[in-house]
Amino acid sequence: DQKAQQVDVNSGDKKPRIALIMKSLANDFFSSMAEGAKKHQQQQGDEYELIVNGIKDERDLSRQVALVEEMVANGVDAIVIAPADSKALVPALRRAREAGVVVVNIDNKLDQEILEAEKISIPFVGPDNQAGAKKVGDFLASKLKSGDEVVVLEGIRTSFNGTQRRLGFEAAMQDAGIKIVDSQSAQWEMSMANTLALSMLSEHRNVKAILAANDSMALGALAAVKNNNKTGEVAIVGFDNIAAVQQAIRDGQILATADQHGGELAVFGIEHALRLIEDPDAKVEDRETPVDLITAEVLK
Amino acid sequence: MNGESQPLRLTVHELCKDYVVRVLYDVQFELKTGEIHALLGANGAGKSTLCRIIAGLTPATSGSMTLNGELYNPRDKRSAESLGVQIVQQELNLIPTLTVAENLLLGHFPQRCGIVNRKLLHAHARAALDRFGLNDIDTNQMAGSLGIGQQQMLEIAAALDRNCQVLILDEPTAALSAGETKRLFTRLSELRKNGVGIIYISHRLDEIAQIADRLTVLRDGKFVSTHQVDEFKPIERVIDLMTGETEAAQHAIQNHRSYAIDQEMIRVSGLGRASVVQNVNFSVKAGERYGIAGLVGSGRTELLRLIFGADRTDSGEIFLRGETSPYQFDHPHTAVSQRLAMVTEDRKQNGLLLSQSIRVNTTLSSMELLAGSVGIINCSQEKKLVEVQRETMQIHARNIEQSVGTLSGGNQQKVAVAKWLLKDADVFLFDEPTRGIDVAARRKIHQLFDKLAEQGKALIIVSSDLEELFETCDCIGVMSAGKLVSEYTRETWSYDAIMQDCFSGYTQPETCSVSGSNS
Amino acid sequence: MNDSPAPVSETPSASRSVSENLMSSLLQYAGLLGVLALLVLIFSMMSQNFLSQQTLITIANHIPDLTVIAVGMTLVLIIGGIDLSVGSLLALSSAVLGVLMVNYGWPLWAAVPICLGVGAFCGVLNGVISVKAGIPSFIVTLGMLEMARGSAYLMTDSQTKYIGSSIEWIGVPMKGLAFSPAFLLSLVIVFVGQYLLTRTVFGRYCIAIGTNVEAVRMSGIRTAPYSITVFTISGLMCGLAGIMQTSRLSTADPNAAVGLELAAIAACVIGGTSLMGGRGSVINTFFGVLIIAVLQTGLAQVGASDPIKRVITGAVIIVAVLLDAARQRWKRRG
Amino acid sequence: MNDSPAPVSETPSASRSVSENLMSSLLQYAGLLGVLALLVLIFSMMSQNFLSQQTLITIANHIPDLTVIAVGMTLVLIIGGIDLSVGSLLALSSAVLGVLMVNYGWPLWAAVPICLGVGAFCGVLNGVISVKAGIPSFIVTLGMLEMARGSAYLMTDSQTKYIGSSIEWIGVPMKGLAFSPAFLLSLVIVFVGQYLLTRTVFGRYCIAIGTNVEAVRMSGIRTAPYSITVFTISGLMCGLAGIMQTSRLSTADPNAAVGLELAAIAACVIGGTSLMGGRGSVINTFFGVLIIAVLQTGLAQVGASDPIKRVITGAVIIVAVLLDAARQRWKRRG
Ligand SMILES: Nc1ncnc2c1ncn2[C@@H]1O[C@H](COP(=O)(O)OP(=O)(O)OP(=O)(O)O)[C@@H](O)[C@H]1O
Ligand SMILES: Nc1ncnc2c1ncn2[C@@H]1O[C@H](COP(=O)(O)OP(=O)(O)OP(=O)(O)O)[C@@H](O)[C@H]1O
Ligand SMILES: [Mg+2]
Ligand SMILES: [Mg+2]
């Protein structure tokens, strides 16, 4: 493996070592994040070493905490982390800080209260999921009438992103006077989203749109719509802008999604970290990254 | 019977077999066409191992074999079968979840393109069973629902049904009663006439005298000698060869002594379950040995299981030690806590923990002897107790850590008995206690019965071997078709009378000929 | 706990009359049909639109993948094995299909055999390693679960592959028929599976192997080829299910079918297949699949919250098996 | 596949001389220690900082939860059962702890017994249903898996509960000792478990029950109480693991430990415990846990990509068991 060799070749040098810890590598969004980080590292002419790790899925908190500890044990200089949970990671990150490791939070913001309780502050780089979801929702609402019925496919309930996106969708629908008749969690999964969407469509016959909190679920919903012979009657929106959905948007089967620029996200985080390594007392601000609405127009 | 001129069917030359230790040393053996050749030896002598090698079930370590003059080295059971070697093993090997017909023809299904022709299957099976006189077994029945005896018959029927040149029967009659044995012998004689060479293993010497032409004796894995059966008269003299002591046979017949005292130990009253066991009444005194005879499937095992609480009773009660309040055991645990013990018939299914050591098996039901109230086992104490049992039962094993599954059949049975001897009980239920046990060990067990009786225990002994009951019991009850049809004492019993009663339940279902006293 | 001592298997006998046979089959399925009817009844009362043709079609069209995998699993369980890798194998073969069609532009007819082949090949690996090395299939297939999932991610670069309409026709209802080709195929496979199990030498040997391998070997039958074949069939079914799921979603997803092995095993066990081997019925497994599917759909239509769904699903799994066990005990006695 | 024909059990005999005993134990553990050493060697070569005290401490401090659960699982597997609910039970008891401490402000000492009690109670349920109704523990615990997970979500309202430093001390290294109280406790539990298994009547009965439950019954022993106790122990261990994990994370997480059952079973099987019951060793299970932990940590430190990690993990699981099987075969022969 390439990275492994890098570690080997560079051992002994005094280059800073940065660990990027993500929620999952088994997902378009996070794999593009990893890609972005690796590209950045190469462009910087190998100024720093990069170790990328993820967990099996977003629920495996305990493993992510273990990863933080393992990276500290491995002697990295900085940890850039997309926490799987906004609360549970804080104590482990505090311990990392106590061990002299720089910590930067990306993607999913750590809970402010807990940070205060643990008496640390960690810089954050990331998008506002709620605002992003609102954008998508608003675009959908522009295609619907007030009083129409829609359903929502949520992510895992415990996840912060999932909650933010749901809130964004709800806000957009409320603004447009559109009724959410059903809202269930499909655990971020395509197949489960498919099952749920099918059931929702046969229960609520007048549904005009499905709002999915990520693109995998949007694809599952799309399949359900086709299966029910309602292609064209039910609009679908997603979130994340994965490649597969871009194709579906071009084909006019999915209406819109949101792009959080995963690659850039990691890069910003790493840059923050590099700055903090150089100058531990540097004042770094939280940085909100953009969330863009992706529609057929944009993709052309 | 026939002369020396018969061609050789099978020869075995300098065969050795090593497991963890060597169990066969340079064994010589030859089998002629059209002869029944008995293989004799004490438990663990290596009879089954030799047969398993011949049948291709396990490879020899060294040595050679020829079949019909050609070198014979079977890779597995299948290649042995294709060369005409069939075996009925000592342990049952049926598939309980398949039907009788499927078991009979397993590996030889009538088929077209892999699809079973079920009509033919059942027709073949029916024919095979009928040929062997097993008219009452339904070919559609699951094999698992048959009793042990019936299962054994089924296995024999399956082997006899296939064409073969060499037929190996490893203790086929251990679970059979006289009637079935007779039918088996008729069939074997026919096969002998057709030139089949038969290797016959049994610990019942009278059978050997009756059917075998020659015999070969193994001792401790070594070949001793081969003889014409006629050379031994009486046949018991062959025991000397098996044990290696001279005159060992002399002690064979002991005088029977009754230790029964006039104090009732167990009384069974109106015990019944469905049609398998119906309204059974009998009582056994302290120091009495009560035998139960019957045909295969007559419900003897089931009766013992009901007494022991292993199955639910539909009706009936049990009185112990002359107490007036009855018991009805709902679990063997309660029976054991009332000082009952039972050596089961099917050691593989419910008698032993095959993958565990002799030590673990022996002490399983007597943990209270080894552990205090906290339940911590006193290991050295355990080892001592087990060694004592191994000594008394003469269990032939490397050490007490050998797993029971790797013992010879007879030694497994000894472990099953040893387990209950360690536990002190008032009433012992023995279901086919000497199944597969060699003559010497069998005598040991009979002496043991004697000793137990002397200590005032009550013994209920189920056996398909009438001789055994005659030798050991004070009183014999006969079961037929689930009913206890008669009882005999030493004074009143005779072979013919008992055999007649055995069949009575099947021929005239309503009338029970109750003869004899002691009710 | 060990299984309760080997209950009598339920193969209907050959020589009974046809009507008797029919009666006994119906009775044999009565327990599961009862559970199914009860579920339908409850959901119909709770949801206005549950008892509709639409729902029926919905259920029919999303069970084919679980069904064919459960058929394979039934065979594996019957020989006394277990296959934990089914979910990952589904994902892997689906990934292969997606990559071939999207990245290399292969046509469907060319990609399908490769996809099936990948499933079958992994099945062969499962079988050969567990049978030849004599290590439990639980551990071999657990290893395969990880390896196949990893390979699926490697294959697709962790990206879902959108294939689009070229594959869609397999998974969506046919014009005028309401059912998808995938569903009809899965029905065929259920019946073929049942026939294989009850009427062929292969099926009988599988049951025998699951009951007592040693005894089968003693009967002069080489058991390894049969066991390996069974694992291969299971792998092949995963490939097929991969195609079915991919067509239903028009998308190949390396994250697909996580935890499917437990659903498939649950379907088998609800259908009365013994985890100790030697006993099972493909038809009953199908009823097990239906019970799970009706439960899922019904709970979704009722709009139950996720926690409640899980509690109810768990309870129903246990209760279904309890009922079936009680019915069998009763039957054996009566 | 059915297990290979009952290998000789390995309980070291009590009365051998001490040095003989030591030798034989070392040999008995040689296979696993070999695999472990190999892994450590490989990772040390690939990552500069792997072979450090810090790494050791890290590993030690994040295995206690898996360790205690694997101890319970070993017992369950030995009696021939299986417990799929461990992950969910961990989450449920952790949720209870979190809710009591956060929402109701209970102190740790008061919440801990309740948390343990919840685990044990669910274990009792598992045991009673599977033993008394005679249905396979696989299905009962599968149902429990769903129900407990659902209850954990209900309990916490699907939110992680941040508890903070009042519980942290259990899971983080003690001052001057490098190891956490949780780790030391888990070691104690490993040794108690091994003692229980090899030296007590209870352990003896468990092994016997797993070997042949019918024979044990016919020996006049009531098996149900023992089986139920074993499931209870497994449940209790889940409660304990819940506390350990909660303290390590300072947070109660209803999503915790998804899929932990497979990791625990893998640890047991790598350690030579038979899935057919009757054979197993707690110490060996602990080595199994170590192998899994070293593998995870090593792969993370090397920075292997996630797909590669999974492929390697799967392969190592299979190879570890293969090696152990080969060693045992060789031992039995030689
Ligand atoms: N699989 C095995 N592993 C180790 N030892 C074995 C194995 N099978 C048999 N033995 C040993 O081989 C010896 C011979 O056993 P075998 O079964 O051939 O005796 P046998 O003459 O048939 O005795 P019996 O009359 O009791 O049936 C015994 O000491 C037995 O313990
Ligand atoms: N597990 C079982 N299920 C159903 N029927 C059984 C079972 N075991 C035995 N039977 C039937 O019960 C009857 C009595 O069997 P039992 O075993 O008590 O007879 P037995 O006299 O001990 O004969 P055997 O020599 O076969 O042991 C037989 O007809 C047998 O087929
Ligand atoms: Mg023998
Ligand atoms: Mg009997």
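Sequence lines set the chain letters: A, B, ... in the order given, protein chains first and strands last, and positions in each chain run from 1.
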Legend entry - Segment of D:Arg222 engaging chain B (4.5 angstrom heavy-atom cut-off): both
Inset, instruction - Against chain D, label B:Thr363 side chain, backbone, both or neither, depending on which of its atoms sit under 4.5 Å from a heavy atom there. - result: side chain
Inset, instruction - Ignoring hydrogens and angles, state whether a donor on the side chain of B:Ser380 or B:Asn378 is under 3.5 Å from an acceptor on the partner side chain. - result: yes
Inset, instruction - Can you tell me which residue pairs pass the side chain to side chain donor-acceptor pair (under 3.5 Å) test with a partner in residues 117-126 of chain D, sequence neighbours excluded? - result: D:Ser85-D:Asn126
Legend entry - When B:Val374, B:Ile400, B:Val336, B:Asn361 are compared by non-hydrogen pairs under 4.5 Å with chain D, the top option: B:Val336
Inset, instruction - Establish, from distance only, whether the side-chain atoms of D:Arg199 and D:Gln194 form a donor-acceptor pair under 3.5 Å. - result: no
Inset, instruction - Mind checking the CZ-CD spacing from B:Arg52 to B:Gln89? Nearest 0.5 Å is all I need. - result: 5.5 Å
Legend entry - B:Leu370 CG to D:Arg204 CZ distance, which is reported to the nearest 0.5 Å: 8.0 Å
Legend entry - Side chain, backbone, both or neither of B:Ile376 within contact of chain D (heavy atoms, under 4.5 Å): both
Inset, instruction - Please look at B:Glu382 and chain D and tell me whether the side chain, the backbone, both or neither of the residue comes under 4.5 angstrom of a heavy atom of that chain. - result: side chain
Legend entry - Straight-line distance of D:Ser186 OG to D:Leu184 CG, nearest 0.5 Å: 7.5 Å
Legend entry - Segment of B:Lys419 engaging chain D (4.5 angstrom heavy-atom cut-off): side chain
Legend entry - Side chain, backbone, both or neither of B:Ala310 within contact of chain D (heavy atoms, under 4.5 Å): both
